[in-house]
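Sequence lines set the chain letters: A, B, ... in the order given, protein chains first and strands last, and positions in each chain run from 1. The figures that follow rest on heavy atoms only: side chains count, while hydrogens, waters and symmetry mates do not.
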Amino acid sequence: MKFENSLGLLEGLNDVQKTAVLHEEGPLLIFAGAGSGKTRVITYRIAHLCRHKNVAPWQILAVTFTNKAAGEMRERLSGILGKKSDDIFVRTFHSLGLYILSRHCEQAGLKSGFSIYDDAAQKSLVKAILKEKKIDPEYISHDAVIQFANRMRDRFDSGAYSSSGHYDKELLGLTDEYFKKLKENNAVDYAGLLYESVKLLNGYPDILALYRNLWKYFLIDEYQDTNHTQYVMGKLLAGENNNLVVVGDDDQSIYSWRGADISNILNFETDYTDCRVLRLEENYRSTAPILKAASSLIANNQKRSKKELFTSKHEGEPVHYRLCGGDLDEVKTIVEKIQSLNSSGISSEDIAVLYRTNAQSRIFEQLFQERGIPCMIIGGFRFYERAEIKDLLAYLYVTVNPSDTVSLERIINVPARGVGEAAIGKLRKLSQERGITLFEAMPFAPEIKGVRSASKIAHLYAMFREASESVFSGTFPSEIAAGILKKSGYLDSLKKNKNPESISRKDNLDEFINAMKEYEEQTLARGDSPDLPGYLQSISLFTDEMKSQEGGPAVSLMTLHNAKGLEYKVVFIAGIEEGYLPHKISMDEGMLEEERRLLYVGITRAKEKLYLSSSRYRRIFGSIQPRMASRFISEIDPDVIEKKEEETSLPYRPDAGRAVHNFNESQRESAIAYKTGERVIHERYGHGTVVTAENTVSGQKITIEFDEDGRSRKFLTAYTPLKKENSA
DNA sequence: CGGCTAGTCATTTTT
DNA sequence: TGACTAGCCG
């Protein structure tokens, strides 16, 4: 990367790319097909502005959709510009919203240190409202309220709703209540980050002017996935000088369910009148067969601006398609293929497995683990979604934002301190009577009759008071967190339970505290002093994926949505069946095209080898169901695809329950088998006797009755520190 | 109030 | 299949 410094920026670019890089003033729309060197063009253009046009880095604002994309762009920029690139403002839309909101929070009706509610917090607040209002969840579900509240703000037109019917009226009332409660809690949810910040820019010309003067050059990536609120944000910030560059590809629009409006990109030309339009149509990523497969598939979409990607690469093996017997066969085939690719010299980090739904990742994870192939699940179960991390975060949120009742209610009885639903109810009632927050009501708990845990509540209150004072006195966030874990009794309660889960929870908390220390060091290195509110904001939108355990090269597993913007030498797409792709809820005319685009996105991630597959039978909700290959498979040009069909493997008779004999047979050989009646030693529980033993998909599952306490516990032998008594 | 059990219900996709 | 919940009992 270093030599990019000495090379001219235009070297090796095609004519369209050059034009895009050299574009200086005015609106520009770049239709950037998959693999057309989009990131390169974007970063080079920014570099060109900085180097040759005397634009200061801090005058440039670049907005992306995911943290990952933002991180990648920063990295590329620093590869070209070096340290200078640090000042370029590269953010996701949501973090841009947060940045603006936190700087003018009073005008937005928020106090500093406001909380950010993720989906789970949003859900629990809505649920609480429904319960309080005694709404039958059968009549109005919390999902309906959430959907409504989000859609409303995605469109930036809360006033435009006619509440004609009963249902709509009630829905509207509930969303209003939800917004009110958010304010009371001094909190913003994800949709609110966008909506409130745009409302702010819209309503305060002086604030808007501030940012217009700051950011003279504005770039939005993945423009096809912007919703209306984001569109308005772009329009406002671009201002009169209109130095707005948007990049996107209507064929890769896959977020309409989140309010994305494809017409933002399709109407850009008419919307920004003196706009220039460029089309990047040469693909540098994929081999010809892969590209042909992709274009033949997407050609079936009606609603799209016609374009055809081309490549100068002509060689390349065909796209492989395999119709497998059952889902386990499919996974096995893929894993074995990966092993053979590995031994032919292709590193795991160049390989990705893609699927439609998160739930599909599990069987892959299992088999990868069994075979000892390192893998990482991108976007699936995130570190910050773990219960213990969320608990600690809730403690920290209450510390800086005592109005945050959602967080307070989350941890008021975690660890268990005898504060049940009844006690909380009484406390809540008192807070309502006196017009104070739940937090402020805590010290009055001893005055309420029948609250036995009053002293504990008062004690917790004192702990929070002490913690918030230490925030002011400049105590480091990591110290505050460590103090809370200790004084709240959280650590003690984990230590009491010696099960493996508690140990891993403790480890996660340690890791979290370490990350805080890292943040503190970095902040200090920049010459700032770290504080808790700042820390919470910096991580609130950051969702780290689980790290590969070994740290070495690992196969990436992710949903098709998560794969956008990435590329791999080898790509597997699994479960291409009716019901998944298209997904069963997206079968109707309107949504079918988006499903097709989703597969298109997946296919175009592949550089050299592409393996598609589906299964004849699949276990869904525990029962085995027959499946059909996706219609999309037959839409791919037969000239570039090589199809193989497997026999239905016998174990998968429809409705045959759990008859997976041959699989278990192969397992039995690999694992150390324990027999019923056998004496064993467990690392933690000591001596015991095996009372049951059965073979499952994830290995041998045994029940041991322990001498020490006479209790029986169940284990998977593969994950248990266990040995036979006589082998010791 | 808290821990356990049995029964229910679920899976799009993400910031 | 397995995660979550309501409801029961200690």
Side-chain angles (χ1 to χ4, degrees), chain A residues 63-70 91-98 116-123 127 137 143 146 150 153-154 188-195 197 222 225-227 229-230 253-260 327-328 354-363 366 378-382 384-385 387 413-425 450-453 456 493 497 540-543 545 558-565 575 579-587 591 594-595 597-599 601-602 618-625 657-658 660 696-698:
Chain A
V63 176
T64 64
F65 264 78
T66 61
N67 291 305
K68 194 175 199 139
R91 296 279 184 129
T92 65
F93 262 112
H94 288 83
S95 102
L96 173 63
L98 173 58
I116 290 147
Y117 282 177
D118 62 7
D119 287 355
Q122 180 182 45
K123 194 161 133 188
K127 272 186 163 171
D143 272 340
I146 290 170
N150 288 347
R153 291 172 297 166
D154 284 346
V188 189
D189 61 10
Y190 285 147
L193 285 172
L194 300 176
Y195 178 77
S197 57
E222 308 281 10
D225 285 326
T226 49
N227 62 36
T229 306
Q230 290 163 329
S253 160
I254 52 176
Y255 283 100
S256 71
W257 51 271
R258 206 171 78 183
D327 50 0
L328 288 174
L354 313 179
Y355 36 80
R356 176 66 225 265
T357 69
N358 280 308
Q360 285 167 267
S361 72
R362 193 192 293 148
I363 43 173
Q366 270 175 6
I378 293 180
F381 196 74
R382 282 162 210 152
Y384 293 106
E385 275 168 23
N413 198 31
V414 179
R417 39 175 85 87
V419 189
E421 202 36 59
I424 296 177
V451 177
R452 216 169 317 173
S453 49
K456 298 255 182 159
S493 82
N497 293 341
S540 60
L541 298 172
F542 186 71
T543 46
E545 64 259 10
M558 71 193 95
T559 64
L560 287 158
H561 281 88
N562 258 312
K564 193 160 73 155
Y580 271 160
L581 263 170
H583 194 275
K584 65 170 183 292
I585 318 182
S586 304
M587 294 271 202
M591 297 169 104
E594 182 147 315
E595 296 290 311
R597 288 195 291 265
L598 203 47
L599 182 55
V601 166
R618 180 176 295 279
R619 183 166 228 130
I620 291 177
F621 296 154
S623 73
I624 287 164
Q625 290 173 15
R658 74 192 74 162
V660 202
T696 71
V697 201
S698 30

Quiz item: Taking it one step at a time, do I378(A) and K68(A) satisfy side-chain contact (heavy atoms from CB on, under 4.5 Å)?
Solution: CA-CA 11 Å; I378(A) 293 180; K68(A) 194 175 199 139; 3.7 Å; yes
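Among dT11(B), dT14(B), dT1(C), the nucleotide with an atom closest to any side-chain atom of R619(A) is dT1(C). Here the nucleotide nearest the side chain of H94(A), chosen from dT15(B), dA3(C), dT13(B), is dT15(B).
Between T357(A) and H583(A) the shortest side-chain heavy-atom distance falls below 4.5 Å. Side chains of R597(A) and S253(A) form a contact here, defined as non-hydrogen atoms less than 4.5 Å apart. By the 4.5 Å heavy-atom criterion applied to side chains, Q122(A) and N150(A) are counted as neighbours.
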Every protein N/O within reach of nucleotides 1-3 of chain B N/O, cut-off under 3.5 Å:
unit_1 : atom_1 : unit_2  : atom_2 : d
dC1(B) : OP1    : G420(A) : N      : 3.1
dG2(B) : OP1    : G418(A) : N      : 2.6
dG2(B) : OP2    : N413(A) : ND2    : 3.2

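Side chain of N413(A) to main chain of V419(A): a donor-acceptor pair is present (N/O by atom type, distance under 3.5 Å, no hydrogens or angles). The closest donor-acceptor contact from the side chain of H94(A) to the backbone of L193(A) lies at 3.5 Å or more, if one exists at all.
Of the side-chain N and O atoms in N358(A), one or more sit less than 4.0 angstrom from OP1 or OP2 of dT14(B). Checking the phosphate oxygens (OP1, OP2) of dT13(B), no side-chain nitrogen or oxygen of N562(A) falls inside 4.0 Å. Between T559(A) and dT14(B) there is a side-chain N or O to OP1 or OP2 distance below 4.0 Å.
In this structure, W257(A) counts as stacked on the base of dT13(B) under the 5.5 Å centre distance and 30° plane angle limits.
Rounded to an integer number of Å, the gap from Y255(A) OH to dT14(B) C1' is 5 Å. For the pair L194(A) CG and dT15(B) P, the computed distance is 13 Å after rounding to whole Å. dT14(B) atom C1' lies 15 Å from atom CE of M558(A), rounded to whole Å. To the nearest angstrom, C1' of dG2(C) lies 17 Å from CD of Q360(A). Here dT15(B) presents its C1' atom at 13 Å from CD1 of I254(A), a figure rounded to the nearest Å. Rounded to a whole Å, the NZ atom of K584(A) is 11 Å from the P atom of dT13(B). Straight-line distance from the CD1 atom of I363(A) to the C1' atom of dT1(C): 12 Å, rounded to whole Å. What separates CD of E594(A) from P of dT14(B) is a distance of 13 Å, to the nearest Å.
Distance check: L354(A) CG to L598(A) CG gives 9.5 Å after rounding to the nearest 0.5 Å. Taking CE from M591(A) and CD1 from I585(A), the interatomic distance works out to 8.0 Å, rounded to the nearest 0.5 Å.
Using a 4.0 Å heavy-atom distance criterion, F93(A) is classed as making no nucleic acid contact. Base engagement by M591(A) is indicated by at least one non-hydrogen atom pair under 4.0 Å involving a base atom. Using a 4.0 Å heavy-atom criterion, one finds that R452(A) contacts no nucleic acid atom at all.
dC4(C) and dT13(B) are spaced 22 Å apart, taking the C1' atom of each and rounding to whole Å.
Residues R258(A) and A359(A) each lie close to DNA chain B; by heavy-atom proximity, the contact nearer the 5' end of the strand is made by A359(A).
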